[in-house]
Structures are given as C-alpha cells and as structure tokens.
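Just so it is clear, the values below take in all heavy atoms, side chains as well, and ignore hydrogens, waters and symmetry mates. Here is the naming used below: chain letters follow the sequence lines, and residue numbers restart at 1 for every chain.
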Protein chains: 2
Amino acid sequence: MAGQRTAPPTVYDVASAAGVSIATVSRVLRTPDAVREGTRDRVQAAIRTLGYVPSGNARALAGKRTGVVGLLLPGFDVVPDERPDLVTDGGVRVVDDRRHVTQPFSSNLYFDEVLRGAELEAWQRGLALMVAAGRGPSRDVIVNDVAGRVDGLAVLAQTVPDELLEHVARRIPVVVLADDRRSHGFDSVSVDNAAGMRTVVSHVVGRLGIRSIAYVAGPIDSPDDMERAAGFRDALVEHGVDPADVSVVHGDFGRARARELATALFAGEVPRAVVCSNDQSALGVLDAAAATGIRVPEDVVVTGFDGIDAGRFSSPRLTTVHQPMGELGRAAVRAIVERLAHPDGPPRAVRLPVEVLLRESCPPTLDA
Amino acid sequence: MAGQRTAPPTVYDVASAAGVSIATVSRVLRTPDAVREGTRDRVQAAIRTLGYVPSGNARALAGKRTGVVGLLLPGFDVVPDERPDLVTDGGVRVVDDRRHVTQPFSSNLYFDEVLRGAELEAWQRGLALMVAAGRGPSRDVIVNDVAGRVDGLAVLAQTVPDELLEHVARRIPVVVLADDRRSHGFDSVSVDNAAGMRTVVSHVVGRLGIRSIAYVAGPIDSPDDMERAAGFRDALVEHGVDPADVSVVHGDFGRARARELATALFAGEVPRAVVCSNDQSALGVLDAAAATGIRVPEDVVVTGFDGIDAGRFSSPRLTTVHQPMGELGRAAVRAIVERLAHPDGPPRAVRLPVEVLLRESCPPTLDA
DNA sequence: GTGAAAGCGCTAACAG
DNA sequence: CTGTTAGCGCTTTCAC
C-alpha cells in the first residue's frame with residue numbers, strides 16, 4: 001500500500017488512459033463544466049485508478065500564482081525542560097511533578113494563535129499556508145526559499161532584517177505584523193498598544209483614583225514598549241498626574257527580571273499601583289508581592305499587557321490588555337490578498353483593537 | 001518601496017545583467033564553489049540590484065523535489081468566545097473578566113506543539129513546512145492541493161479518510177500521527193498509550209494499594225482510548241484486581257460530560273480512585289469532586305492522560321501521562337525523510353515513550 | 001467541446 | 001569553469 005512508489009502519474013498518463021488530450025484533463029480539473037459529461041467521467045475515472053494528484057509546482061509555474069501565503073515566525077528555540085526526581089517503571093518514566101514552581105509561563109507561545117488565525121483565513125480563501133521560522137544564520141536562505149514559493153508573505157515583527165525584507169518585497173507583497181512599519185513602506189497589521197495602555201491606566205487613575213503609580217517598562221528598544229509607554233503617559237496627563245511623579249523601571253519583558261525589580265521597589269515606599277508593559281513582567285511583580293507579603297489588590301493593584309494564558313491562571317488572576325492574536329494572523333492574510341488584488345497604491349496600516357480584561361489583580365472597583 | 005511591482009526578475013534577467021548564461025546563475029545559487037570568484041561576484045551583484053528571488057516552483061519542477069513537507073491538522077474550528085458585561089472606553093472594550101468560570105481549557109491546542117516540533121525538525125533539515133487543516137467539505141481539495149506541492153505528508157489521526165490518504169500516498173510518502181495504522185500500510189508515529197496507562201494504574205493499584213477504582217473512558221470508537229483501556233486492564237490483572245470489579249463509564253473526552261458522569265458516580269459509593277482516559281475528563285472529575293465536597297486526593301485520587309497545560313493549573317494539579325507532542329511532530333518529519341530515502345521497504349511504526357507526571361491529584365504516596 | 005502548441009523559470013546533463 | 005539544450009507538469013490561447 002505504501003512502498004514501491006514509481007514516478008507519479010502526470011496529466012499525460014491520465015490523458016492517454018482516458019483517451020483525451022492533456023488540455024481536456026486540465027479542464028476537467030479547473031473548469032469541469034466546460035467538458036462534456038461523458039468525457040469528464042472518463043477522465044475522472046482515470047484520475048482515480050491512476051492515483052493522479054496534480055503537481056502544485058507545475059501548476060504554479062504555468063499559472064503564475066501559487067495559491068500559497070507564507071508566514072514567518074520568530075524562531076521558537078527548543079527549551080529542553082529538565083525535570084528532577086525520576087523513577088522508571090516498565091520503560092515509562094515516572095516523575096514527581098509536585099511542588100515544583102509552576103513553570104514561569106504557559107508553553108502557549110503567542111504566535112501559535114497568530115498561526116491559527118492565519119491558517120483559518122487562508123483556508124477560507126482557498127489558500128495554503130507555509131510557515132517557517134526566521135532563526136539562525138540560515139535565515140536568509142529560508143526567507144528567500146519561502147518567498148520564492150508563495151504569493152505573499154507575512155512577517156512577524158523583528159523576525160527578519162529590513163534589508164532582506166526589502167529584497168523579497170520586490171518579488172511579492174510583504175506585510176509586517178505587530179509593528180507599525182508603514183514608514184518603511186510595508187503594509188502592516190498591528191495592535192493599538194497606546195490606546196490599550198491608555199485605557200487601563202485611565203481605569204487605574206480615573207476610576208480607581210490611584211495616583212501613586214510605578215511603571216515596569218520593557219527593553220528600551222522595543223517598539224511595542226514605546227507605544228505603550230506613550231499611552232501610559234497620555235493617560236496620566238489626561239487625569240492630571242505628573243508623569244515625573246511615577247517611578248519607571250526598565251525590565252526585559254521577562255518574569256524573573258520583573259520580580260527582582262519589584263522586590264527592590266517594594267523595599268521602599270510601596271506604590272498603590274504597578275502598571276506593567278507586558279504580562280510576564282506583571283507576573284513577576286505578583287511573584288514579588290507574594291514573596292514580600294504585599295497583598296494584591298488590597299495593597300497594590302497590578303496590570304499587565306498581552307493577555308497570555310498564564311495570566312488567567314495566576315493568583316490573583318491578572319488584569320491585562322488583551323491582544324487579538326488570532327485576528328492578527330487573519331488580518332495579515334487579508335492584507336496580503338488585498339495587496340495582491342491591488343499591487344499599487346500606498347502602503348496600508350491596519351490597527352486592531354485591544355480589550356481590557358479586568359481581573360482580580362486590578363478589579364473594576366476597590367470596595368467589597 | 002512596496003507598490004508598483006513589475007514582473008519579478010528571472011534567471012534570464014540576472015544572466016544578461018551579469019553577462020553570463022543562465023546555467024551560471026543557477027550554479028552560483030546551488031554550487032557557488034563551482035564558479036570562478038569574479039563571475040560569482042558579478043552574478044551576486046546582479047541578484048542584489050535586480051532583487052532576484054528564485055522561483056521555488058520552477059525549481060521544484062525542474063529538480064523533481066520540492067523541499068517541502070506537509071502537515072495536515074484536524075480543523076481547528078473557530079470558537080468565538082463570548083464575554084458578558086462590557087463597557088467601552090475610548091474605543092477600547094473594557095471587560096469584567098472576574099468570577100467567570102475559568103475557561104474549560106487552555107486555548108493551547110495540542111497540535112500547536114506538534115506543529116512546532118515539525119517546524120523545528122524541518123528547519124534543521126533544510127525543509128519548509130506547509131500546514132493545512134483538513135476541515136470541511138473542501139477537505140479533498142485541500143489535501144490534494146497540499147499533496148501536490150510537497151515531498152511528503154504527515155497527517156494527524158482521523159483528519160483524513162483512508163481512501164483519500166491512499167490516493168495521495170501513491171504520489172508521496174504519507175505518515176500517520178498518533179494512530180498506529182501500520183495495518184493500513186502507512187508509516188506511523190504514535191505514542192505508547194498502553195504502556196502509559198499501565199504505568200499510572202500500576203502506581204495507583206501497586207504502589208498506593210488502591211483497589212476500588214472507576215474508569216472514565218472516551219468515545220467507544222477512539223483508537224487512543226482502546227489502547228489506554230487495554231493498558232488499564234493489563235495493570236489491573238497484573239496486580240490481581242478483577243477488571244469486572246471496576247465500574248467503567250464512557251464519556252466523550254470532554255470536560256462537561258465527565259463532570260456529569262462523575263457527579264452521578266459520586267452519588268453512589270465513592271471509589272478510591274478515578275482513572276480517566278484523558279485530561280479533559282479528569283478535569284471534569286475534579287470539577288465534580290469540588291462541587292460535591294469530595295476531597296482530592298484524600299477521598300479519591302484522580303489521574304488523566306495527555307499532559308495538557310490546564311492540568312498544570314488545576315487545583316489540585318492533575319496527575320497525568322504526558323505525551324511528547326513536540327516529539328511527535330519531529331518524528332513525523334524524520335519518518336518522511338527516511339521514507340524518501342528508502343521508498344521501498346515495509347511500513348514502519350515509531351512508538352514514542354510517554355511520561356507519568358505525579359502531581360497532587362494522585363501523589364507519589366498517600367501519607368503526609 | 002476538444003486538441004495542438006507555446007511557454008512558465010529553473011536544473012541538469014552534455015559539450016566545449 | 002561556462003554555455004547549450006532539453007525537459008519538469010501544467011495552463012492557456014488559438015484553431016478546429
């Protein structure tokens with residue numbers, strides 16, 4: 001049933017088996033109605049018995065379009081998880097997995113969702129999806145490779161250097177995700193970081209009336225962080241808080257670092273709110289609070305940004321600004337399709353709305 | 001920078017720009033060392049200035065191999081999540097996301113991991129990955145489409161009907177995942193369900209000395225469930241428990257249904273252990289226990305199977321048999337590559353080891 | 001309705 | 001080392 005595969009049958013094989021020309025075989029596949037029923041049936045029968053599957057490559061070559069869109073993700077590198085304390089029983093490892101610190105974060109990388117969204121949208125439009133990670137030194141090869149096989153390419157921010165992107169953009173449309181690069185001339189789909197941050201902070205300051213605030217920022221070169229920081233400042237100003245009054249610390253978007261920073265912070269005068277530039281940092285702050293005996297939200301409220309899964313499972317559960325990752329993927333595919341339909345015209349930047357999720361770490365109100 | 005794309009440059013363009021033949025351009029790309037340095041430089045310069053990206057399709061057609069492997073996932077259908085209680089502030093939705101029942105499961109679908117594993121292995125071997133979901137009535141089209149563009153195809157169990165699979169298997173190697181279909185003549189990569197279940201149950205019966213057991217099974221037609229049930233029975237027999245003494249209830253692998261079943265079960269004589277055929281069911285059992293005031297693990301121990309994320313966050317945390325999903329994906333790509341190298345030879349079935357993770361719902365020992 | 005023929009852009013002998 | 005020349009398998013006019 002498997003083995004012994006010979007050269008796959010081609011249109012020619014089907015054609016002669018059905019006693020027609022290859023053009024007719026092609027028609028049966030692409031425009032069945034343009035072929036007389038009897039002929040069509042014979043061809044289809046031949047296809048079945050020969051086990052014919054048309055070559056997508058030949059098709060793409062002749063048809064000048066591939067029907068495939070590419071998605072370039074940041075390289076997810078393997079994080080070998082080491083676990084202690086194992087016994088082996090009948091060939092099956094048995095591990096004591098209690099009492100370990102619950103792993104820092106869910107293994108659900110955010111781009112899984114982007115990927116699912118992209119796949120869904122591609123499928124709905126009859127397109128196939130090719131994924132690759134732009135990791136390692138072989139990145140150039142990969143990118144060119146993928147670019148050569150697809151009709152359009154979606155690239156997650158910072159996955160590929162601009163120069164490379166510009167190179168492939170001369171062949172196919174490229175849309176950049178989660179990074180508003182309109183200025184660079186690419187189409188882009190991104191999330192409204194500033195508005196999201198402005199909104200949570202408005203809640204903290206405006207609705208909850210908190211004025212003693214600390215801000216845990218991300219790496220200084222992060223475009224996301226810059227937008228969020230701007231939203232943060234806007235909200236402060238809007239509510240009459242002097243930005244100079246809030247203490248800003250720069251983390252690395254990581255949980256561990258945030259925990260250190262927060263521990264130091266809590267050693268001094270504890271602010272009434274800690275606003276974080278992303279969820280991982282916020283979780284680190286929660287860690288620090290728990291370790292220090294500071295209560296959340298009673299003593300300090302904490303907010304994050306991203307909407308990662310782990311924030312739904314933390315205690316207290318994390319108030320955050322949720323980014324619609326699935327939508328990002330879908331919008332990316334849509335953008336490619338549109339650009340394919342309208343090759344000319346100025347670059348477009350799509351902004352996706354975010355959503356503030358108020359959970360226990362910073363609830364709707366402070367009473368109760 | 002974007003717009004105004006004209007027909008992409010081809011080898012011919014590069015060749016004439018560099019004053020060489022197309023063969024030389026091809027050589028610069030494939031076997032750079034076979035070209036004199038001066039020539040090579042001129043060609044590379046032409047490539048840069050023209051923005052040349054070789055057509056993967058033409059390449060695949062001429063070279064008789066695509067360098068792409070396909071991965072067919074079960075259709076992840078959109079689960080539109082509806083949330084109540086929203087306010088809108090400055091264009092950003094603000095949602096009260098407290099007090100909701102924590103969503104039934106992590107959105108981390110298990111095949112995300114399979115996908116990541118496959119991508120990683122493909123990348124390491126210089127292959128690209130094409131993904132598609134075999135959903136809906138257009139499945140045949142999708143499958144043929146993908147099959148026509150790749151060198152080999154990995155298919156997640158039950159995603160594609162056998163007949164279709166057999167059809168495409170005549171063109172390219174197919175490997176079935178998570179379902180030992182050796183009997184059908186396909187290569188397969190699967191997980192050792194029976195051994196895993198046998199091992200947890202040995203722990204429950206052998207080490208913990210529990211003899212009053214209930215088993216929450218999955219759908220009767222699930223091959224996974226059958227293997228696990230067999231492992232369950234083996235362990236019982238091995239430890240001298242009469243399988244006829246355990247009450248077996250059939251669920252649907254879903255959390256809600258399991259909760260119902262467990263609630264009914266707990267209304268009668270509460271068993272000392274509930275072994276479940278998958279994690280979702282086990283979580284449902286935990287739900288029922290919590291609602292009924294039955295303590296886990298003091299009154300009843302509960303075990304699951306799969307190792308999904310949600311089991312790490314439940315309370316108590318779930319003892320389970322963890323399946324190496326990432327490895328599944330990697331092994332799938334490996335299997336394809338091997339089959340490509342050895343087209344003939346009998347179908348091979350790869351079995352991946354599982355791991356028992358003892359967590360609080362069924363700890364290593366019952367004292368303390 | 002159906003067939004003949006010209007490519008699509010590239011690789012891979014085969015000559016020089 | 002480099003150029004010539006066949007195709008790879010399919011789509012697509014253009015005739016019939």
Asks: Heavy-atom nearest nucleotide on DNA chain D for V35(B) versus G63(B): which residue maps closer to 5'?
Replies: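 Whichever sits nearer the 5' end wins; that is V35(B).
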
Asks: Would D145(B) and R149(B) count as a salt bridge (charged side-chain N to carboxylate O under 4.0 Å, His left out) if you check the C-alpha gap in whole Å, the side-chain angles of each, and the deciding distance to 0.1 Å?
Replies: CA-CA 7 Å; D145(B) 222 72; R149(B) 309 172 172 290; 3.6 Å; yes

Asks: Quick check for you: to the nearest 0.5 Å, what is the distance between L129(B) atom CG and L71(A) atom CG?
Replies: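 If I round to the nearest 0.5 Å, the distance is 11.5 Å.
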
Asks: Using modelled atom types only, decide if a donor and an acceptor are shared between the side chain of S55(B) and the backbone of A58(B) within a distance under 3.5 Å.
Replies: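 Yes, S55(B) side chain to A58(B) backbone: donor-acceptor pair under 3.5 Å.
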
Asks: Less than 4.5 Å apart, any side-chain heavy atom of I47(A) and any of L29(A)?
Replies: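 Result yes, sub-4.5 Å side-chain heavy-atom pair found.
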
Asks: Check step by step if side-chain contact (heavy atoms from CB on, under 4.5 Å) holds for V350(B) and V175(B).
Replies: CA-CA 10 Å; V350(B) 175; V175(B) 32; over 6 Å; no

Asks: Counting any heavy atom closer than 4.0 Å, what does R27(A) reach on the DNA or RNA strands: base, sugar-phosphate only, or nothing?
Replies: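 The residue R27(A) makes base contact.
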
Asks: Provide the start and end nucleotides, 5' to 3', of the part of DNA chain C that has atoms under 4.0 Å from heavy atoms of chain A.
Replies: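 Nucleotide range in contact with chain A: dG1(C) to dG9(C).
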
Asks: Using a 4.0 Å cut-off on heavy atoms, which residues in residues 39-59 of chain A reach DNA chain D? List them by number, or say none.
Replies: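 Only Y52(A), P54(A), S55(A), A58(A), R59(A) qualify.
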
Asks: Should I172(A) and L340(A) count as side-chain neighbours, where that means a heavy-atom distance under 4.5 Å?
Replies: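 No, too far: nothing below the 4.5 Å cut-off.
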
Asks: Please tabulate, for the side chains in residues 9-19 of chain A, all donor-acceptor contacts under 3.5 angstrom to protein atoms that are two or more places apart in sequence or on a different chain.
Replies:
{"from": "T10(A)", "atom 1": "OG1", "to": "Y12(A)", "atom 2": "N", "distance (Å)": "3.1"}
{"from": "D13(A)", "atom 1": "OD2", "to": "T10(A)", "atom 2": "N", "distance (Å)": "2.7"}
{"from": "S16(A)", "atom 1": "OG", "to": "Y12(A)", "atom 2": "O", "distance (Å)": "3.3"}
{"from": "S16(A)", "atom 1": "OG", "to": "D13(A)", "atom 2": "O", "distance (Å)": "3.3"}

Asks: Using a cut-off of strictly less than 4.0 Å between a heavy atom of the residue and any atom of DNA chain C, enumerate the qualifying residues of residues 17-24 of chain A by number.
Replies: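 Hits under 4.0 Å, by residue number: V20(A), S21(A), A23(A), T24(A).
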
Asks: Please find the earliest and latest nucleotides of DNA chain D, in the 5' to 3' direction, that have an atom within less than 4.0 Å of any heavy atom of chain B.
Replies: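 Nucleotide range with atoms under 4.0 Å of chain B: dC1(D) to dG9(D).
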
Asks: Looking at R59(A) and A62(A), would you say the former's side chain and the latter's main chain have a donor-acceptor pair under 3.5 Å?
Replies: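 No, the answer is negative, given that no donor and acceptor are paired below the 3.5 Å cut-off.
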
Asks: Look at the side chain of D151(A) and the backbone N and O of V69(A), then say whether any donor-acceptor pair between them is shorter than 3.5 Å.
Replies: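 Not at all, since once roles are kept as given, no pair shorter than 3.5 Å links the two residues.
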
Asks: List in chain and number order the residues that pass salt bridge (Lys or Arg N to Asp or Glu O under 4.0 Å) with R30(A), two or more places apart in sequence or in another chain; answer none if no residue qualifies.
Replies: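 Partners of R30(A) under the salt bridge (Lys or Arg N to Asp or Glu O under 4.0 Å) test: none.
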
Asks: Heavy-atom distance under 4.5 Å between the side chains of V176(A) and L165(A), does that happen here?
Replies: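 Sidechains of L165(A) and V176(A): in contact.
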
Asks: Taking A118(B)'s backbone N and O only, do any of them form a donor-acceptor pair with R330(B)'s side chain (distance below 3.5 Å, no angle check)?
Replies: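 No: the side chain of R330(B) does not pair with the backbone of A118(B).
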
Asks: Answer yes or no: does atom CZ of R125(A) have more than 12 heavy-atom neighbours from other residues, nucleotides or ligands under 6.0 Å?
Replies: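 Counting other residues, nucleotides and ligands, CZ of R125(A) exceeds 12 neighbours.
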
